[in-house]
Student: 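My structure is below; once you've seen it, I'll send some questions.
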Amino acid sequence: MAFAAVFALSACAAQYRTHGYVPPEEDLQMIVPGVDTRATVEDVVGIPTTSGVSGESGYYYIESETRRLGFQRPQVVDRTVLAITFDPDGVVRNIATYGLEDGNVVPITRRVTETPDSDIGFIRRLFGNIGGLSLANDDL
């Protein structure tokens, strides 16, 4: 009985998991805005988690900590995003750190454009033209 009770209680303990990587502050102190380039940033702090789409955008290092309690869905308890932006010449412009408190929840909605005949079923569309065919052809 004691073993079953200990096992049941241990299943309810929160489990924490960290994903991603944000460089430590000591490494970031070595990057000098206006002097360092993309190559030196990669040498000092490593390859970024992701980078911007356009060539002039920055490097992003992202780290998230999630908590799972029992059979509940995992919940993000901490997130850090380090953004290193560059000017058009590839020189570091700015280094900024963002957390969960800086983010906004963006609801994802699916927007579908309605067509006039969208409420008509497939079979009705398939056989709807049978009565509309004309056998008389003026070109003959």
Side-chain angles (χ1 to χ4, degrees):
M1 284 286 224
F3 179 72
V6 169
F7 180 73
L9 288 175
S10 68
C12 295
Q15 297 176 354
Y16 291 89
R17 186 171 284 170
T18 302
H19 300 279
Y21 166 74
V22 170
E25 188 64 33
E26 302 84 44
D27 291 348
L28 295 176
Q29 295 290 331
M30 296 170 43
I31 299 174
V32 180
V35 175
D36 286 312
T37 63
R38 291 178 189 273
T40 57
V41 168
E42 288 181 11
D43 289 342
V44 172
V45 294
I47 298 173
T49 305
T50 187
S51 60
V53 178
S54 67
E56 291 89 29
S57 60
Y59 284 172
Y60 303 97
Y61 298 85
I62 305 166
E63 182 176 274
S64 296
E65 184 177 3
T66 58
R67 179 183 70 187
R68 183 179 204 116
L69 184 62
F71 294 105
Q72 296 177 356
R73 295 175 69 181
Q75 180 182 16
V76 177
V77 293
D78 188 31
R79 178 173 294 134
T80 304
V81 176
L82 173 71
I84 301 176
T85 55
F86 299 94
D87 65 12
D89 296 328
V91 178
V92 175
R93 180 185 311 159
N94 190 22
I95 301 172
T97 304
Y98 304 99
L100 273 178
E101 63 279 355
D102 299 318
N104 295 325
V105 176
V106 179
I108 298 175
T109 59
R110 183 177 170 168
R111 298 181 71 184
V112 178
T113 304
E114 295 286 329
T115 59
D117 62 345
S118 65
D119 56 342
I120 299 174
F122 172 73
I123 300 296
R124 190 167 180 191
R125 272 190 235 152
L126 184 65
F127 293 112
N129 288 330
I130 290 178
L133 294 177
S134 175
L135 295 177
N137 192 350
D138 295 337
D139 294 335
L140 291 177

Student: Is it the case that the side chain of Tyr98 and the backbone of Ala83 share a donor-acceptor pair, with hydrogens and angles ignored and the cut-off at 3.5 Å?
Tutor: no
Student: Taking all heavy atoms of Ile47 and all of Tyr61, pick out the closest pair and write down the distance.
Tutor: O-CE2, 3.5 Å
Student: Would you say the side-chain atoms of Asp89 pair up with the backbone N or O of Val91, donor to acceptor, closer than 3.5 Å?
Tutor: no
Student: As an exercise, state the distance from CD1 of Ile84 to CD1 of Ile95, rounded to the nearest 0.5 Å.
Tutor: 5.0 Å
Student: Could you go through residues 20-36 and list every donor-acceptor pair under 3.5 Å that involves a side-chain atom there, pairing it with any protein atom two or more places apart or in another chain?
Tutor:
unit_1, atom_1, unit_2, atom_2, d
Tyr21, OH, Val45, O, 3.4
Glu25, OE2, Gln29, NE2, 3.0
Asp36, OD1, Thr40, OG1, 3.3
Asp36, OD2, Val32, N, 2.6

Student: Run the side chain to side chain contact (heavy atoms under 4.5 Å, CB included) test against Arg73 and tell me which residues pass, sequence neighbours left out.
Tutor: none
Student: Using the side chain to side chain donor-acceptor pair (under 3.5 Å) criterion, which residues pair with Glu42? Sequence neighbours excluded.
Tutor: Tyr59
Student: Looking at every heavy atom in both Phe86 and Gly90, which two are closest together, and how far apart are they?
Tutor: CD2-O, 3.6 Å
Student: Which residues pass the side chain to side chain donor-acceptor pair (under 3.5 Å) test with Gln75, not counting sequence neighbours?
Tutor: Arg67
Student: Quick one: list whatever passes side chain to side chain contact (heavy atoms under 4.5 Å, CB included) with Asp78, sequence neighbours left out.
Tutor: Glu65, Thr80
Student: Mind checking side chain to side chain donor-acceptor pair (under 3.5 Å) for Ser64 and listing every partner two or more places apart, or none if nothing turns up?
Tutor: Arg79
